[in-house]
Colleague: 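Before anything else, here's the structure in question.
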Number of protein chains: 2
Amino acid sequence: MNAGPATGRPSTKERIVTAGAELFRRQGYTGTGLKQIVAAADAPFGSVYHFFPGGKEQLGAEVVRTSGAAYGRLFTAAMEAAPDPVTGVRDFFAGAARTLVETGYADACPIATLALEVASTNEPLRQATAEVFTGWITLGTAAFAAAGIGARPARELTIVLLAALEGAFVLARALRSTEPLEAAGESVAARASALLGSPDAGRG
Amino acid sequence: MNAGPATGRPSTKERIVTAGAELFRRQGYTGTGLKQIVAAADAPFGSVYHFFPGGKEQLGAEVVRTSGAAYGRLFTAAMEAAPDPVTGVRDFFAGAARTLVETGYADACPIATLALEVASTNEPLRQATAEVFTGWITLGTAAFAAAGIGARPARELTIVLLAALEGAFVLARALRSTEPLEAAGESVAARASALLGSPDAGRG
DNA sequence: GTCTATATCTCGATAGAC
DNA sequence: GTCTATCGAGATATAGAC
């Protein structure tokens, strides 16, 4: 029932979700054990099944939803802080690159590794990742539409943005280089600029 | 020593690598057991350690290299079969979408799931994936350069292509939709077309 | 509710018969 | 070189004391 106080140590459940999110993101779902999660969360093993009777799968679903929503807010914040959508896109990719370098190329997309692992093996978790991606598409489409791009090209631009970002993360983590993020970010910014600069294309 | 005859049943080693490639691609590296691999390959368990003394990690590295090279040849073949690079890009994305649907959204990139899993957890395998991606970048850069695009924009276009493809795979498998591949493919084709259509941009 | 101990299973890896 | 049996470790999950 306790949603956690505004200050002080987070609740046991919150610590488990946070630790799970970090470990799933870096090591994947099957590559992370529940024992490792409770150790990182400084929580007793039984707490996992107390808060998540559905076990690892239920914890995974909650982690996907929680970190997916947080990452969506990060995108929205970047777009709202920027003077225009093109700058917003550039800032978002630049911020992602900065985080990647600062974490030793560990922290990229919070759910991508898990998403690929479960896509063909765990239907409930696959659905959780699909809901997060769908939410991001809705979010981005709304942001670009608010900037004057038509609904259909705004959706297509968002999907291209997400694909370029996710793929750049794959390449960047493997190559240990930010070059893919820079190239992908420029590519998406250019496309956004074209859609904003030519209202006819933006309506197409 | 036996490299395998031109016809007949593939060698035990070949069957293990093939089965490993399919399972790692669909379920990931940590999510696939050696016992599952030898069962799929119809091989005895001990054969894994006979052919791969380094165990699972050595098998993983060989799978990454083998399937990475095969996928590179697939890209080259698509580009060579097409009348121009823009058509080649469209055909390649369309073929990827077709394969994805035919396999129930299982077979996308042969190494992406493993690449994300090992990027922060297994340095030898991370290097193997990096070598494959580097090889693909070299391959694509050469193909676009041969079509008349300058070396630097050809490299950037290749990286954008790979990022868009990999990210579209992530979204497509999670959403069970080919929309991301279509949007990403069109986006990359448009960029390739722009670089080919304006030699000045192509030289920049 | 919190936490410990344990049951059951599967993992990667090895030893050794044939 | 092929194949089986088994090892110890670690996985998820559960039972039950406190």
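These figures come from a predicted structure and were not determined experimentally. The sequence lines fix the lettering, A, B, ..., with proteins before strands; numbering per chain opens at 1.
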Colleague: Let me know the distance between NZ of K56(A) and C1' of dC9(C), rounded to the nearest Å.
Modeller: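 It works out to 14 Å between those atoms.
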Colleague: To the nearest Å, how far apart are F52(B) CZ and dG1(D) C1'?
Modeller: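 The answer, rounded to whole Å, is 15 Å.
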Colleague: When you check the gap from the basic side-chain N to the acidic O, do E14(B) and R9(B) get nearer than 4.0 Å?
Modeller: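 Result for this pair is no, no salt bridge flagged.
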Colleague: Do the ring planes of W136(B) and Y71(B) sit parallel (below 30°), tilted (30 to 60°) or perpendicular (above 60°)?
Modeller: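 Rings of W136(B) and Y71(B): tilted, as their planes differ by 30° to 60°.
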Colleague: Any idea which of dC3(D), dT2(C), dA13(C) is nearest the F45(B) side chain?
Modeller: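 Nearest nucleotide to the side chain: dA13(C).
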Colleague: With DNA chain C as reference, determine whether K35(A) or F51(A) sits nearer its 5' end, using the nearest nucleotide of each.
Modeller: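 Checking each residue's closest nucleotide, the 5'-ward one belongs to F51(A).
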Colleague: To the nearest Å, give me how far apart CD (E57(B)) and P (dC11(C)) are.
Modeller: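 That distance rounds to 19 Å.
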Colleague: Decide yes or no for R25(B) and S67(B): does some side-chain heavy atom of the first lie under 4.5 Å from some side-chain heavy atom of the second?
Modeller: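 SC-SC contact between R25(B) and S67(B) ruled out.
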Colleague: Can you tell me the distance, in whole Å, between the CD1 atom of I16(B) and the C1' atom of dA13(C)?
Modeller: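 I16(B) atom CD1 is separated from dA13(C) atom C1' by 15 Å.
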Colleague: Taking the minimum atom-to-atom distance to the side chain of P44(A), which one of dT2(D), dG1(C), dT4(C) wins?
Modeller: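 My answer, after comparing the listed nucleotides, is dT4(C).
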Colleague: Side-chain contact test, heavy atoms from C-beta onward, threshold under 4.5 Å: evaluate it for Q27(A) versus E117(B) and give yes or no.
Modeller: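 No. Closest side-chain heavy atoms not under 4.5 Å.
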Colleague: What is the distance, rounded to the nearest whole Å, between atom OH of Y49(A) and atom C1' of dG16(D)?
Modeller: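 One finds 16 Å between C1' of dG16(D) and OH of Y49(A), rounded.
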Colleague: How long is the line joining CG of L34(A) and P of dC3(C), in whole Å?
Modeller: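 Answer to the nearest Å: 17 Å.
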Colleague: Y29(A) OH to dT12(D) P: how many Å, rounded?
Modeller: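 In whole Å, dT12(D) P and Y29(A) OH are 8 Å from each other.
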Colleague: Would you kindly give the CD-to-P distance between Q58(A) and dA13(D), to the nearest whole Å?
Modeller: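 Atom CD in Q58(A) sits about 11 Å away from atom P in dA13(D).
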Colleague: Touch check for G46(B), heavy atoms < 4.0 angstrom, all strands: base, sugar-phosphate only, or nothing?
Modeller: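 Here G46(B) touches the bases of the nucleic acid.
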Colleague: Under 4.0 angstrom, heavy atoms only, what part of the nucleic acid is T32(A) near: base, sugar-phosphate, or nothing?
Modeller: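 Sugar-phosphate, no base atom in range.
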